[in-house]
Amino acid sequence: MRALAAILIFALVPLAARARVLGRWDFESAKPIDQLSVEGEPPKILPDAAQAGGKFMLATLRPGQQRPERSEVRSRLKMNAGDERWVSIRIMRPPEPQSGYASYFQLGPASGKNGVGSIFQLAEYGGQWRLRGFLNGIGGTDIAMPVGAVEYGRWETWVFHVKWRADSAGLIELWRDGRLAARHSGINMRAGDTAPVKWGVYVGKGNKPSREMRAMFDVVVVSDTPFAPNR
């Protein structure tokens, strides 16, 4: 069912011959969120009207929910300092107003014996996408890089390439629909820390949305083999 979508993504992002897929979620199996932990309001798995048999994940925040700040899932895969990872995800925001700032995808928080360290987020504010990095606490430089206007009502394919390093060799690249949108070098994880992959709707701990906020997610793939969109 989701084979065509996977072909389309990896036509943009050709894998090396021996690429090892560590995790994949297309939400069409009997256990669509297997190996994922739910944080906050549980997501829904809904049929994709554009593709027979297809499904996607819907995350929704509403005022008055028990945990109004988040509706996310967290992978049980762990990324460590020294790892190189490629993560692709399809995201669609419906054409509706957003209540302030929200994160829709996250690498991290990286954490260990010294507590929470670094975090990378794909966030929306005022109709614009931003790559945010919280790195100051580990000796790096915080970033908030604009990566273009949100294209409401359309699936957008994002690819995150990360070299997790406890020194200046660290790297994050963000690709949007096959084009490089952002790049940042420098330390991005402390030695001994681990980080998950998360996606959903998150407005920040202690915050509450003033109106309903939704986002759709599909075909999430985590690989340990470097690959790059066609330039």
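What you see is a predicted model; the values in this text were computed from it and never measured. Atoms considered below: every heavy atom in the structure, side chains included; atoms not considered: hydrogens, waters and symmetry mates.
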Query raised in the report: Could you walk me through whether Met92 and Arg90 pass the side-chain contact (heavy atoms from CB on, under 4.5 Å) check?
Result: CA-CA 7 Å; Met92 181 165 64; Arg90 298 174 70 223; over 6 Å; no

**Report entry** side-chain contact (heavy atoms from CB on, under 4.5 Å) between Val203 and Met213, intermediate numbers included
**Finding:** CA-CA 10 Å; Val203 295; Met213 300 170 64; 3.8 Å; yes

Query raised in the report: Step by step, would you call Ile91 with Glu156 a side-chain contact (heavy atoms from CB on, under 4.5 Å)?
Result: CA-CA 5 Å; Ile91 301 176; Glu156 298 185 75; 5.6 Å; no

Query raised in the report: Passes side-chain contact (heavy atoms from CB on, under 4.5 Å), Asp167 versus Ile187? Steps please.
Result: CA-CA 5 Å; Asp167 55 32; Ile187 182 173; 5.8 Å; no

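For the pair Tyr202/Gln121, a side-chain contact is recorded, criterion being any heavy-atom separation below 4.5 Å from C-beta on. Between Arg70 and Lys198, the closest side-chain pair of non-hydrogen atoms falls below 4.5 Å. Between Val147 and Trp129 there is a side-chain heavy-atom pair separated by less than 4.5 Å. No side-chain heavy atom of Asp34 sits less than 4.5 Å from a side-chain heavy atom of Ser29. Contact check for Leu46 versus Met216: no side-chain heavy atoms found under the 4.5 Å cut-off. No side-chain heavy atom of Leu174 sits under 4.5 Å from any side-chain heavy atom of Ile172. Between Ile45 and Glu28 there is no side-chain heavy-atom pair separated by less than 4.5 Å. Side-chain contact between Leu171 and Arg183 is present, with heavy atoms from C-beta onward closer than 4.5 Å.
Leu61 contributes atom CG, which lies 8.0 Å from atom CD of Glu41 (distance to the nearest 0.5 angstrom). Atoms CZ and CZ, from Phe105 and Phe160 in turn, are 4.5 Å apart once rounded to the nearest 0.5 Å. With values rounded to the nearest 0.5 angstrom, Met57 atom CE is found 12.5 Å from Lys44 atom NZ. Rounded to the nearest 0.5 angstrom, Leu22 CG and Arg85 CZ are separated by 5.0 Å. Note that NZ of Lys163 is 16.0 Å distant from CE of Met79, once rounded to the nearest 0.5 Å. Interatomic distance, CD of Glu173 versus OG of Ser185, reported as 8.0 Å (0.5 Å rounding).
Heavy atoms from other residues, nucleotides or ligands lying under 6.0 Å from NZ of Lys78 number more than 12.
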Would you give me the side-chain donor-acceptor pairs under 3.5 Å for residues 112-119, sequence neighbours excluded?
unit_1, atom_1, unit_2, atom_2, d
Ser118, OG, Asn188, O, 2.5

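In terms of heavy atoms, Arg176 sits closest to Ala149 at NH2-O, 2.5 Å. Listed here is the closest heavy atom pair of Thr225 and Ser223: N-OG, 3.1 Å. Between Pro68 and Pro209 the shortest heavy-atom distance is O-CD, 3.1 Å. The two residues Ala191 and Ala166 make their nearest non-hydrogen contact at N-CB, 3.7 Å. For Arg93 against Ala215, the heavy-atom pair with the smallest separation is CD-CB, 4.1 Å. Of all non-hydrogen atoms in Ser71 and Ala59, the two that sit nearest each other are O-CB, 3.5 Å.
Linking Ile, Leu, Val, Met, Phe, Trp and Tyr whenever their side-chain heavy atoms come within less than 4.5 Å leaves Phe134 and Leu122 in two separate clusters. A continuous path of hydrophobic side-chain contacts links Leu107 to Met145 [ILVMFWY only; heavy atoms under 4.5 Å].
Sorted by first and then second residue, the salt bridge (Lys or Arg N to Asp or Glu O under 4.0 Å) pairs with a member in residues 185-196 read Arg190-Asp193; sequence neighbours excluded.
Side chain of Asn136 to main chain of Thr141: no donor-acceptor pair is present (N/O by atom type, distance under 3.5 Å, no hydrogens or angles). With hydrogens and angles disregarded, no donor-acceptor distance shorter than 3.5 Å links the side chain of Asp83 to the backbone of Trp164. Side-chain N or O atoms of Arg154 include none that pairs as donor or acceptor with a backbone N or O of Pro94 at under 3.5 Å. In this structure, Asp142 contributes its side chain and Leu135 its backbone to a donor-acceptor pair below 3.5 Å.
Classification of Arg214 and Glu212 as a salt-bridged pair holds, one side-chain N sitting under 4.0 Å from a carboxylate O. By the 4.0 Å N-to-carboxylate-O rule, Arg211 lies too far from Glu96 to be salt-bridged with it.
Partner of Pro43 under the side chain to side chain contact (heavy atoms under 4.5 Å, CB included) criterion, chosen from Thr60, Val38, Leu58: Val38.
Side-chain rings of Trp199 and Trp25 approach one another, their centers coming within less than 6.0 Å.
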